[in-house]
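Inspection log for the structure reproduced underneath, given as structure tokens.
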Amino acid sequence: MKFQVQSLIQTALTRLVDAEVLPAAANTEPYLERARQRSHGDFASNVAMVLARHAGMKPRELAERIIENIPESELIERVEVAGPGFINVFVSDFAYRQELREIRSMGARYGEVRAENLPRIMVEFVSANPTGPLHVGHGRGAAYGDALVRVLRKAGYEAASEYYVNDAGRQMDILATSVWLRYLELTGAEIVFPDNAYRGDYIYDIAATCHREYGERFVTDAGELFADLPVDAEARIDALTARARAALEDDYRVIFDVTLDTLVEDIRSDLAQFRVEFDTWFSERSLVESGAIDRAVAHLSEAGLLYEKDGALWFSSTGFGDEKDRVVRRANGQYTYFASDIAYCLNKKERGFDKLIYIWGADHHGYVTRTRAAFEALGNDPDEFIVLLVQFAVLYRGGEKVSMSTRSGEFVTLRELRREVGDDAARFFYALRKVEQHMDFDLDLAKSKSNENPVYYVQYAHARVCSVFRQIREKGIAHDAEGADLSLLVEAREQDLVRDLSRFPEVVEAAARAYEPHQVAYYLRELAQAFHTYYNAHPFIASESALRDARLVLIDAARQVFANGLELLGVSAPESM
RNA sequence: GCGCCCAUAGCUCAGCUGGAUAGAGCGUUGGCCUCCGGAGCCAAAGGUCAGAGGUUCGAAUCCUCUUGGGCGCGCCA
């Protein structure tokens with residue numbers, strides 16, 4: 001509805017440009033917002049105040065000229081100039097009735113925004129190292145990223161979701177070695193398990209799987225394995241992984257892959273149950289093995305952006321605003337993690353994505369500048385490289401901060417959070433905060449099945465409508481939705497509800513543009529309030545048949561919008577609770 | 001020391017390219033079912049938008065500085 005009004009005002013601007021009242025530059029999409037107060041109409045535009053200076057006119061005067069040039073439309077009741085030069089638009093009842101019909105006919109598709117020439121977007125998120133289960137911080141990134149992808153798609157963007165699997169590098173080697181050492185313990189070997197190896201229970205589980213599937217195949221002489229190891233802990237673990245490789249030869253890859261597959265599958269199923277699904281799981285190892293890193297480095301080299309110093313290969317990122325240059329290949333000949341990032345970036349562009357969105361934990365913010373520098377150095381527009389940082393979530397239970405230490409025994413994993421508060425509550429709570437805001441996650445509140453919990457407030461609204469329709473069916477009451485006379489919806493609370501319903505496409509569009517799915521959550525809460533208020537004030541079933549038909553169309557439209565909105569957040573819309 | 005994020009009601013947070021009288025939930029206080037689900041509704045109280053300057057018709061919003069909190073500054077991943 002807003003978009004239609006917007007285009008009417010735009011037509012007026014075009015006419016004024018043609019009449020040379022306004023400069024050609026003024027012929028843009030006018031800014032239009034929902035009026036905050038009813039007395040200001042339905043929509044308000046500040047376009048006259050913005051353009052007044054360019055036109056050499058007073059704002060109110062220009063506003064009058066714009067209004068004169070707005071085409072006749074049955075959508076508009078009247079248009080007024082107000083205050084310092086606002087253009088206030090009063091939408092006709094006809095327009096609102098038409099919107100209700102629109103919701104009914106579009107169904108699950110209502111809220112979709114038709115848009116053209118939008119960029120293809122790659123949204124990469126979570127991408128946690130597959131070295132263990134996801135924790136609640138990853139959960140926030142997952143809930144946010146998934147909701148963002150859903151919102152972008154609803155708004156007409158072609159958005160792809162991807163999980164970058166860090167399956168190459170030192171940490172994975174340490175992980176595979178950790179599994180092997182536990183496996184050796186299972187086969188009776190006496191070993192000293194290093195402190196800086198992975199010690200989680202899941203390592204035992206994977207080791208047991210290896211033992212079950214492969215028997216004694218990976219057994220080696222432990223005494224030889226631990227002989228003459230370096231004293232330094234980091235050097236020792238690296239020496240162990242090197243010896244594991246040497247001792248196991250081709251079998252090293254078998255253990256490595258069993259470990260990797262097990263952990264990735266664990267993460268995948270955890271996320272899928274959380275209703276977070278990815279289009280693709282992209283392997284870092286595939287970048288290494290396909291030579292993509294060499295290619296990316298060659299790219300930068302040809303551009304003259306690499307140099308050697310102290311035996312290492314450096315990228316001169318300072319030329320792109322970074323505080324210092326970064327190493328891409330160490331003196332020992334190995335590429336850094338950053339080199340993979342550069343290659344990955346290049347790979348995404350080669351797959352045809354115009355815009356790259358990265359969702360990272362706030363602790364990674366130091367990597368933004370250098371990675372954007374690489375993106376730009378590869379010949380791209382830095383504005384197409386977007387990093388959205390997710391701030392930390394702090395859990396509270398009983399008013400006390402929950403320790404996030406892995407050893408404390410307090411729950412830290414996403415799976416535990418999901419089990420404790422439920423997927424719907426967890427997703428809604430995550431969605432209720434904009435990502436750059438630090439988050440206090442109140443477990444007691446999320447768990448409470450009471451009026452304190454905003455999830456139920458919205459879901460309850462949906463369930464209530466479903467319940468009304470169940471009653472209709474049970475009582476055999478006839479309901480003619482198609483023939484309903486919607487002009488009977490004259491109550492103030494009915495009109496408030498219709499107005500809120502008609503905002504849904506605008507909310508989707510705004511949420512997508514700002515990468516802020518939390519706007520959907522707040523909208524749904526406001527809509528639920530309008531619905532509950534209406535529900536309490538007027539009867540549906542008990543009213544006479546013509547009015548009943550109209551009111552049932554209204555609440556059924558509300559049901560549809562609740563369902564569509566909750567879908568965007570990955571929260572279920574129950575028919576009963 | 002340098003850099004990024006944040007600061008709005010007692011608490012947790014919204015506030016839409018800067019816009020008209022700054023909003024909501026929880027909590028507090030007082031009300032509402034002979035009726036469709038009380039996980040509901042209505043109402044009241046509650047604010048120097050951290051502080052100080054600046055930009056302009058207009059600032060919670062943009063800029064500068066200060067204060068306070070979170071995080072980051074490896075040839076780690």
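Below, chains carry the letters A, B, ... as their sequence lines are ordered, and counting in each starts from 1.
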_Side chain of A/A44, heavy atoms from C-beta onward: which of B/rA20, B/rU12, B/rA7 has the nearest atom to it?_
B/rA20

_Under 4.0 angstrom between A/H518 side-chain N/O and B/rA24 OP1 or OP2_ = no

*Under 5.5 Å between ring centres and under 30° between planes: true for A/Y535 and the base of B/rC36?*
no

*Report the nucleotide, chosen from B/rA77, B/rG37, B/rC42, that has the shortest atom-to-atom distance to any side-chain atom of A/M577.*
B/rG37

*asked:* Just to be sure I understand the rule, does A/T131 reach a base, reach only the sugar-phosphate, or reach nothing, if contact means heavy atoms closer than 4.0 Å?
replied: nothing

*asked:* Whether A/K434 contacts B/rG15 is assessed here as follows: a side-chain N or O lying under 4.0 Å from the phosphate OP1 or OP2. Is that the case?
replied: yes

*Can you list the steps and then say if A/Y335 with A/D294 is a side-chain hydrogen bond (donor to acceptor under 3.5 Å, both in side chains)?*
CA-CA 9 Å; A/Y335 283 120; A/D294 293 323; 2.7 Å; yes

*asked:* Determine whether a donor-acceptor pair (one donor, one acceptor, N or O, separation below 3.5 Å) exists between the side chain of A/H365 and the base of B/rG3.
replied: yes

*When the C1' atoms of B/rU61 and B/rA14 are considered, how many whole Å apart are they?*
13 Å

*Mapping A/L432 and A/S39 to their closest nucleotides on RNA chain B, which lands nearer the 5' end?*
A/L432

_Between B/rG70 (C1') and A/F441 (CZ): distance, integer Å_ = 19 Å

_Categorize A/D310 for me: base, sugar-phosphate, or nothing, with a 4.0 angstrom heavy-atom threshold over every strand shown._
base

*Rounded to the Å, how far apart are A/R503 CZ and B/rC16 P?*
13 Å

*Non-hydrogen side-chain atoms of A/P194 and A/N196 separated by less than 4.5 Å*: yes

Atom pairs, N/O to N/O, protein against nucleotides 30-34 of chain B, distance under 3.5 Å?
none

*asked:* Closest-nucleotide mapping onto RNA chain B: is A/V327 or A/D363 further toward the 5' terminus? I mean the 5' end.
replied: A/D363

*Rounding to the closest angstrom, what is the interatomic distance between B/rG25 and B/rA77 at atom C1'?*
40 Å

*Using the C1' atom in both, what is the distance from B/rU64 to B/rG23, to the nearest Å?*
30 Å

_Is the phosphate of B/rA14 approached by A/Q437 (side-chain N or O, under 4.0 Å from OP1 or OP2)?_
yes

*For RNA chain B, just give me the dot-bracket, please: Watson-Crick or G-U, both distances below 3.5 Å, ( ) intra-strand, [ ] crossing earlier pairs, | paired with another strand, . unpaired.*
(((((((..((((.....[...)))).(((((.......))))).....(((((..]....))))))))))))....

*Are the aromatic ring centres of A/Y430 and A/Y144 under 6.0 angstrom apart?*
no

*Between A/T177 and A/D173, is there a donor-acceptor pair closer than 3.5 Å when you use the side chain of the first and the backbone of the second?*
yes

*asked:* Taking only the C1' atom of each, what is the distance from B/rU56 to B/rG18 in whole angstrom?
replied: 10 Å

_Side chain of A/E436 - closest among B/rC5, B/rG72, B/rC73_ = B/rC5

*Taking atom types as they are modelled, is there a donor-acceptor pair under 3.5 Å from the base of B/rC76 to the side chain of A/Y335?*
no

*Decide, yes or no, whether a salt bridge links A/E509 with A/R513 under the criterion of side-chain N to carboxylate O below 4.0 Å.*
yes

_Strictly below 4.0 Å, N to O, side chains only: are A/E526 and A/R503 in salt-bridge contact?_
yes

*State, to 0.1 Å, how close A/G85 and A/V81 come at their nearest heavy-atom pair, and which atoms those are.*
CA-CG1, 4.3 Å

_Modelled atom types, side-chain donor and acceptor of A/Y307 and A/D325, under 3.5 Å_ = yes

_If I pick the P atom on B/rA39 and the same atom on B/rC16, what distance separates them, to the nearest angstrom?_
35 Å

*Taking the side chain of A/Y367 as its heavy atoms from C-beta onward, which of B/rG70, B/rC42, B/rA77 lies nearest to it?*
B/rA77

*Compare side-chain N and O positions of A/Q529 against OP1 and OP2 of B/rG40 and report whether any pair is under 4.0 Å apart.*
no

*If you check the A/R493 side chain, which of B/rG19, B/rC5, B/rC42 turns out closest?*
B/rC42

*asked:* Students often get this wrong, so: under 4.0 angstrom with heavy atoms, is A/K309 touching a base, only sugar-phosphate, or nothing?
replied: base

*Across the strands shown, which category fits A/R513 at heavy-atom distances under 4.0 angstrom: base, sugar-phosphate, nothing?*
nothing

*Could you check whether A/E526 gets within reach of a base, just the sugar-phosphate, or nothing at all, counting any heavy atom under 4.0 Å?*
nothing

*Touch check for A/H462, heavy atoms < 4.0 angstrom, all strands: base, sugar-phosphate only, or nothing?*
nothing

_B/rG47 versus B/rG53 - spacing of their P atoms, nearest Å_ = 23 Å

*Go through the side-chain N and O atoms of A/Q171 and A/T131 and say whether any donor and acceptor fall under 3.5 Å apart.*
no

*Rounded distance in Å between the C1' positions of B/rG30 and B/rU67*: 41 Å

*Between A/Y344 and A/E162, a side-chain donor and acceptor under 3.5 Å*: yes

*Look at A/R36 and B/rA22 and indicate whether a side-chain polar atom (N or O) is within less than 4.0 Å of OP1 or OP2.*
no

*A/Q459 CD to B/rG25 P: how many Å, rounded?*
19 Å

*Donor-acceptor pair under 3.5 Å, A/N88 side chain vs B/rA20 base*: yes

_Just the rounded figure in Å: distance from P of B/rG38 to OH of A/Y457._
13 Å

_Quick check: A/Y460 with A/F562 (ring centres under 6.0 Å apart)?_
no

_For the C1' atoms, the ones on B/rC26 and on B/rU34, what distance do you get once it is rounded to whole angstrom?_
33 Å

*Which of the following nucleotides, B/rG15, B/rG70, B/rU21, is nearest to the side chain of A/E516?*
B/rG15

*asked:* Can you tell me which nucleotide in B/rG37, B/rG19, B/rA7 comes closest to the side chain of A/A463?
replied: B/rG37

*Among B/rA20, B/rA39, B/rC41, which is the nearest nucleotide to the side chain of A/T533?*
B/rC41

*Would you call A/H40 stacked on B/rA20, i.e. ring centres under 5.5 Å apart with the planes less than 30° off parallel?*
yes

*Is it true that A/F385 and A/Y358 have ring centroids separated by less than 6.0 Å?*
yes

*Please check if the side chain of A/K434 supplies one atom and the backbone of A/E516 the other of a donor-acceptor pair under 3.5 Å.*
no

*So what does A/M172 hit on the nucleic acid, given a heavy-atom distance under 4.0 Å: a base, only sugar-phosphate, or nothing?*
nothing

*asked:* Can you tell me which nucleotide in B/rG40, B/rG19, B/rA14 comes closest to the side chain of A/Y522?
replied: B/rA14

_Between the base of B/rG70 and the ring of A/F392 - centre-to-centre under 5.5 Å, planes within under 30° - is that a stack?_
no

*Say whether, by atom type as modelled, one donor and one acceptor occur between the side chain of A/D310 and the main chain of A/A312 under 3.5 angstrom.*
no

*Choose from B/rC75, B/rA39, B/rC6 the nucleotide whose nearest atom is closest to any side-chain atom of A/W314.*
B/rC75

*Indicate, yes or no, whether a donor-acceptor pair under 3.5 Å links the base of B/rG19 to the side chain of A/N46.*
yes

*Compare side-chain N and O positions of A/R464 against OP1 and OP2 of B/rG38 and report whether any pair is under 4.0 Å apart.*
yes

_Considering every strand and a 4.0 Å limit on heavy-atom distances, what is the contact class for A/A312: base, sugar-phosphate, or nothing?_
base

*asked:* What is the distance, to the nearest angstrom, from the CG atom on A/L443 to the C1' atom on B/rC11?
replied: 16 Å

